[in-house]
Amino acid sequence: MRKTSFLPIFSILAIAGMLMGCPSSKTPPLSERIAKAWTARIVTENGNVAYTRGGTSNIRTYNNFKLDLSSAPTVRLTEFDGNTFVGTYSVQDNPQQLTLTALQPQPTGTNGTISYTINSISDTELVLTRTTTSQKTGGTTNVYTLSNP
């Protein structure tokens with residue numbers, strides 16, 4: 001009769017148990033993933049592409065647009081026309097939303113608050129839809145595809 005050694009079997013089971021017990025890599029919370037300086041890559045106004053970085057037939061120049069969320073909870077929003085607004089920001093997980101408040105000076109028609117729905121976020125891209133129309137762009141609803149430079 002053949003003797004079976006339990007040491008190799010036990011070793012394999014122990015290694016498998018340790019590997020299964022290791023914590024999986026967790027996705028950082030939204031508040032950490034969004035805390036970067038973002039610039040415009042593509043902007044649509046009422047569904048029409050108004051700006052593409054490097055494009056030659058842009059309706060508007062969003063080269064100056066920057067949404068700096070890197071110093072939470074402070075936000076610095078630089079609009080396409082170069083005007084900069086400073087305030088605070090907060091994020092909500094469900095539904096995913098970004099809200100800028102106490103913006104100074106107050107952007108026209110906002111009472112100092114601008115909200116965005118967060119459509120998607122990755123390490124290098126953030127897609128936002130403004131929840132109210134922008135008076136600066138003629139009352140359009142804007143979708144911003146931003147990148148982290």
Side-chain angles (χ1 to χ4, degrees), residues 8 11-149:
S11 297
I12 291 171
L13 290 174
I15 290 171
M18 286 189 306
L19 290 175
M20 293 177 81
C22 291
S24 61
S25 60
K26 282 187 163 182
T27 302
L30 179 60
S31 60
E32 287 180 25
R33 294 186 298 150
I34 205 167
K36 299 176 183 178
W38 303 94
T39 57
R41 189 170 66 79
I42 300 170
V43 180
T44 63
E45 299 174 357
N46 283 345
N48 300 311
V49 176
Y51 172 81
T52 301
R53 185 184 298 149
T56 56
S57 59
N58 292 324
I59 296 170
R60 231 177 285 291
T61 303
Y62 279 85
N63 294 338
N64 293 326
F65 186 92
K66 185 174 185 179
L67 180 62
D68 188 347
L69 307 170
S70 62
S71 298
T74 300
V75 60
R76 292 182 64 84
L77 171 64
T78 303
E79 284 280 4
F80 70 88
D81 60 4
N83 289 324
T84 299
F85 307 93
V86 179
T88 58
Y89 78 91
S90 61
V91 291
Q92 181 179 335
D93 280 323
N94 195 9
Q96 289 188 332
Q97 191 164 344
L98 169 66
T99 304
L100 315 182
T101 55
L103 292 170
Q104 292 298 322
Q106 288 185 3
T108 304
T110 66
N111 291 324
T113 299
I114 300 174
S115 293
Y116 303 91
T117 298
I118 301 171
N119 300 345
S120 65
I121 185 169
S122 70
D123 288 339
T124 58
E125 185 176 90
L126 173 63
V127 181
L128 302 173
T129 301
R130 187 165 163 164
T131 59
T132 57
T133 60
S134 170
Q135 289 187 7
K136 249 183 204 184
T137 59
T140 61
T141 300
N142 300 342
V143 178
Y144 304 87
T145 300
L146 308 176
S147 64
N148 179 250

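Given the structure is predicted, the values throughout are model-derived calculations rather than measurements.
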Carefully, step by step, assess Q135 and T108 under the rule side chain to side chain contact (heavy atoms under 4.5 Å, CB included).
CA-CA 7 Å; Q135 289 187 7; T108 304; 3.1 Å; yes

Roughly how far, to the nearest 0.5 Å, is [atom2] of [Y] from [atom1] of [X]?
X   : Y    : atom1 : atom2 : value
T44 : Y144 : OG1   : OH    : 9.0 Å
S71 : K36  : OG    : NZ    : 14.5 Å
S70 : I34  : OG    : CD1   : 12.0 Å

Which donor-acceptor pairs under 3.5 Å do side chains of residues 54-65 form with protein atoms, sequence neighbours excluded?
residue: N58; atom: OD1; partner: T52; partner atom: N; Å: 2.8
residue: N58; atom: ND2; partner: T52; partner atom: O; Å: 3.2
residue: N58; atom: ND2; partner: G55; partner atom: O; Å: 3.3
residue: R60; atom: NE; partner: E45; partner atom: OE1; Å: 3.4
residue: R60; atom: NE; partner: E45; partner atom: OE2; Å: 2.8
residue: R60; atom: NH2; partner: E45; partner atom: OE1; Å: 2.8
residue: Y62; atom: OH; partner: E45; partner atom: OE2; Å: 2.7
residue: N63; atom: OD1; partner: Y51; partner atom: OH; Å: 2.7
residue: N64; atom: ND2; partner: F80; partner atom: O; Å: 3.4

When you measure from the side chain of N46 to the backbone N and O of T140, does any donor-acceptor pair fall under 3.5 Å?
no

Inter- and intrachain pairs under side-chain hydrogen bond (donor to acceptor under 3.5 Å, both in side chains), touching residues 72-87, at least two apart
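side-chain hydrogen bond (donor to acceptor under 3.5 Å, both in side chains) check on residues 72-87 returns T78-T84, D81-N83, D81-K136.
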
With sequence neighbours left out, the residues meeting side chain to side chain donor-acceptor pair (under 3.5 Å) with T39 are R53

T110: which residues meet the side chain to side chain donor-acceptor pair (under 3.5 Å) condition with it, sequence neighbours left out?
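Checked T110 against side chain to side chain donor-acceptor pair (under 3.5 Å); zero matches.
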
Going by salt bridge (Lys or Arg N to Asp or Glu O under 4.0 Å), name the residues that satisfy it together with R130, two or more places apart in sequence or in a different chain.
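Listed in chain order: nothing, the list is empty.
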
Set of residues satisfying salt bridge (Lys or Arg N to Asp or Glu O under 4.0 Å) with respect to E32, sequence neighbours excluded:
none

Could you list the residues that satisfy side-chain contact (heavy atoms from CB on, under 4.5 Å) with A37, not counting sequence neighbours?
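Result, side-chain contact (heavy atoms from CB on, under 4.5 Å) vs A37: K66, D68.
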
Under 3.5 Å, which donor-acceptor pairs link side chains of residues 114-121 to any protein atom two or more places apart or in another chain?
residue: N119; atom: OD1; partner: T129; partner atom: OG1; Å: 3.4
residue: N119; atom: ND2; partner: T129; partner atom: OG1; Å: 2.8

Those residues at least two apart in sequence (or on a different chain) that pass ring pair (Phe, Tyr, Trp, His ring centres under 6.0 Å) with F85 are none

Below 4.5 Å, heavy atoms only, C-beta onward: do L67 and L146 meet side chain to side chain?
yes

With a 4.5 Å cut-off on side-chain heavy atoms, are S31 and V91 touching?
yes

Which pair of heavy atoms, one from S122 and one from W38, lies closest together, and at what distance?
O-CH2, 3.9 Å

For residues L103 and G87, report the shortest heavy-atom separation together with the two atoms involved.
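Shortest heavy-atom separation between L103 and G87 comes out as CD2-N, 3.9 Å.
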
Side chains of residues 92-101: which donor-acceptor pairs under 3.5 Å do they make with residues two or more places apart or in other chains?
residue: Q92; atom: NE2; partner: N94; partner atom: O; Å: 3.4
residue: T101; atom: OG1; partner: T88; partner atom: OG1; Å: 2.9

Among pairs that include at least one residue of residues 116-126, which meet salt bridge (Lys or Arg N to Asp or Glu O under 4.0 Å), considering only residues two or more places apart or in two chains?
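Counting only pairs at least two positions apart or across chains, the salt bridge (Lys or Arg N to Asp or Glu O under 4.0 Å) contacts touching residues 116-126 are R41-E125.
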
